[in-house]
Every structure is written in structure tokens, then in C-alpha cells.
2 protein chains.
Amino acid sequence: MVPVMARALHHPATDTLELTGVLHALSDPVRLEIVRGLAAEGGCERRCNAFALPVTKSTRTHHFRVLRESGVIEQRAEGTAVVNRLRRKELDSRFPGLLDSVLSAR
Amino acid sequence: MVPVMARALHHPATDTLELTGVLHALSDPVRLEIVRGLAAEGGCERRCNAFALPVTKSTRTHHFRVLRESGVIEQRAEGTAVVNRLRRKELDSRFPGLLDSVLSAR
DNA sequence: CTGAAAGTACGACGATCATCGTACCAAACT
DNA sequence: AGTTTGGTACGATGATCGTCGTACTTTCAG
């Protein structure tokens, strides 16, 4: 039996990712911080809760949704929590070099 | 004597370019088309007029300004026209690989 | 069973954005 | 001097965005 909260999470296919959508998703400081956190230590997974962000729960949910719907992250339900993974391989395949250049930027 | 229209064009210094600003500038289809046009044939310069864009003159001016103020392009007055140049070298220096990955994306 | 934990859903708010039309301006051409 | 050319300035408008609070749901621990 699939958990209820895991059903409705839509993830775009790799070959349908739009460049403008990804760029827009990455153009917000809060979301960029999330992506950097997920990229640390090489493709680790982290719960939505495990980020120190200067926004409330609702805003947090909003940003994670933008990242998921643009194809930057994958979300998976695990109990009451949601585990996030950076779709590094898919992004590298669709937009080679983009993620690396963004992550290495200071 | 410097032409009047060339005075007020502000260009941010290379080391002050902000990643989120550049990403936001590149996240619009019209502006992305402008950047692609400027990147064609290796660093050519083109007038604002020399782009086939689905927007009016005012909107055109707006997009060119966003690109300039984020540091993506340089604008220079030449008679009544404005000549645009992609700040490729500066972008490559500040955000290595970013522009190339965006331009090679389809 | 009760309650806490972790998110989501929904609506609201102000801010920013992309777009446009009109008016304006400076340079070039006649 | 007048006109055309190429663009800017200045609102205005409707859409999207980032933020929040409140209410709700699901899961897990006691």
C-alpha cells in the first residue's frame, strides 16, 4: 500500500525540463541555499526540516515545490517527513555543466 | 564631448555581479533569445533593433536594461542606435562555465 | 486513544514583473 | 528647419511571486 502523501508528488521527466524554469528556480536565494545544502557531501538526502532557512513552514513548502516542479529536486515521503534529493544526474544530462557552474559560484 | 545618451548607462563591475541576478536575467525567454543572438558568431555586437522579438519597443528597452543591470550585456551609444555586446569574458571570469552551459542548452 | 511532529492546502497581502501605449528626446538625413 | 530613425521615460495594467497565518492531514510515539 502506497502512503497517501506520496501519491500526488509530480516530477517532470528529464527530457522535458525547461531551461527557463530551472534558471528561475535557481534565481532565488532561499532555493539556492536549499540546492547547495542538498549538493553538499555528494548527493546526500535531507528532510525539508533539516534546513536552517529564514522563512516559515508555508514558504518552505512553496520553495520546495518550485524546485520539484522545475525538476531540480526529487521529493519522497518517509513517514511524516519528506526527503529531498538533488536530481544531479538528470540535470547534468539535460543541461551539462549548468549545475556545477551554479554550485561553484560564490 | 561625450554624447548625452551614453552618460547614464550603468554597468556593474565584474566582481560585484550577483548570481541570483544573472540567473533571473537569463530565466526569461525573450532575454535568453537576445543573449543567444549576441553569442552567435563569436562575440558580435548588435543593435537593439537587430533582433526579431515578439514584443514592442518599450518592452525591448526593459529587457535590455535588465540584462545590462545584471551584468550580462554592455550597452554603448552609437549615433541614435545602441550597440549591445555580451560580457562573455567578465561572466566567464565571475561564474566560470555558467554562460557556456546556458548557451549550449536546448 | 491522545497528542506531538512534519508537512500541505488555502487564502491573503504587498512586491515585483512583463507588457503595453503615449509622449518624449537626440542624432542623422533631407 | 523639418522629418525620420532608434531608442528612452513614464505611467498603467494584469500576472506572477515571495511571504505569511490559519486550518487541516497524516504518521508516529506515548
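Below, read A as the first sequence line, B as the second, and so on, with proteins coming before strands; counting in each chain starts at 1.
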Exercise for the section: Taking only Lys NZ, Arg NE, NH1 and NH2, and the carboxylate oxygens of Asp or Glu, determine whether A:Glu78 and A:Arg76 approach each other closer than 4.0 Å. Expected result: yes
Handout entry: Rounded distance in Å - CZ (A:Arg65) to P (C:dA6)
Key = 20 Å
Completion exercise
In numerical order, the residues of residues 52-61 of chain B whose heavy atoms come under 4.0 Å of DNA chain C are B:Val55, B:Thr56, B:Ser58, B:Thr59
Fill in the blank from the handout: Sequence neighbours excluded, the answer for salt bridge (Lys or Arg N to Asp or Glu O under 4.0 Å) partners of A:Glu69 is none
Handout entry: Heavy-atom side-chain contact between B:Val66 and B:Val72 under 4.5 Å
Key = no
Completion exercise
Ranking D:dT8, C:dA6, D:dA9 by distance to the side chain of B:Val82, first place goes to D:dT8
Fill in the blank from the handout: Rounded to whole Å, the CZ-C1' distance (B:Arg76 to C:dA27) equals 16 Å
Exercise for the section: Would you mind telling me which of D:dG18, C:dT19, C:dA9 lies closest to the side-chain atoms of A:His63? Expected result: D:dG18
Handout entry: Selection from D:dT26, C:dA18, C:dG7 that lies nearest to any side-chain heavy atom of B:Asp28
Key = C:dA18
Problem - Gap between atoms CZ and C1', on A:Arg47 and D:dC28 respectively (whole Å) - result: 11 Å
Handout entry: Any residue meeting side chain to side chain donor-acceptor pair (under 3.5 Å) with A:Glu18, in chain and number order, not counting sequence neighbours
Key = none
Practice task
Applying side chain to side chain donor-acceptor pair (under 3.5 Å), name anything that partners B:His24, two or more places apart in sequence or on another chain.
Solution key: none
Practice task
For A:His62, report the nucleic acid contact type (base, sugar-phosphate, nothing); a contact means any heavy atom under 4.0 Å.
Solution key: base
Practice task
Check the distance between D:dT27's P and A:Asn49's CG and give it to me in whole angstrom.
Solution key: 18 Å
Exercise for the section: Using whole Å, report how far CD1 of B:Ile34 lies from C1' of C:dA18. Expected result: 13 Å
Handout entry: Rounded interatomic separation in angstrom, taking CG from B:Leu23 and C1' from D:dC17
Key = 17 Å
Handout entry: Set of side chain to side chain contact (heavy atoms under 4.5 Å, CB included) partners for A:Glu74, sequence neighbours left out
Key = A:His11, A:Arg85, A:Arg87
Problem - Those residues that, when tested against A:Phe95, pass ring-ring contact (aromatic ring centres under 6.0 Å, His included) (two or more places apart) - result: none
Exercise for the section: Give the nucleotide from the list C:dA6, D:dG18, D:dA9 with an atom nearest to the side chain of A:Thr80. Expected result: C:dA6
Fill in the blank from the handout: Here the distance between atom C1' of D:dT5 and atom CD of B:Glu78, to the nearest Å, is 15 Å
Practice task
Using atom NE2 of A:His24 as one end and atom P of C:dT16 as the other, report the distance to the nearest whole Å.
Solution key: 14 Å
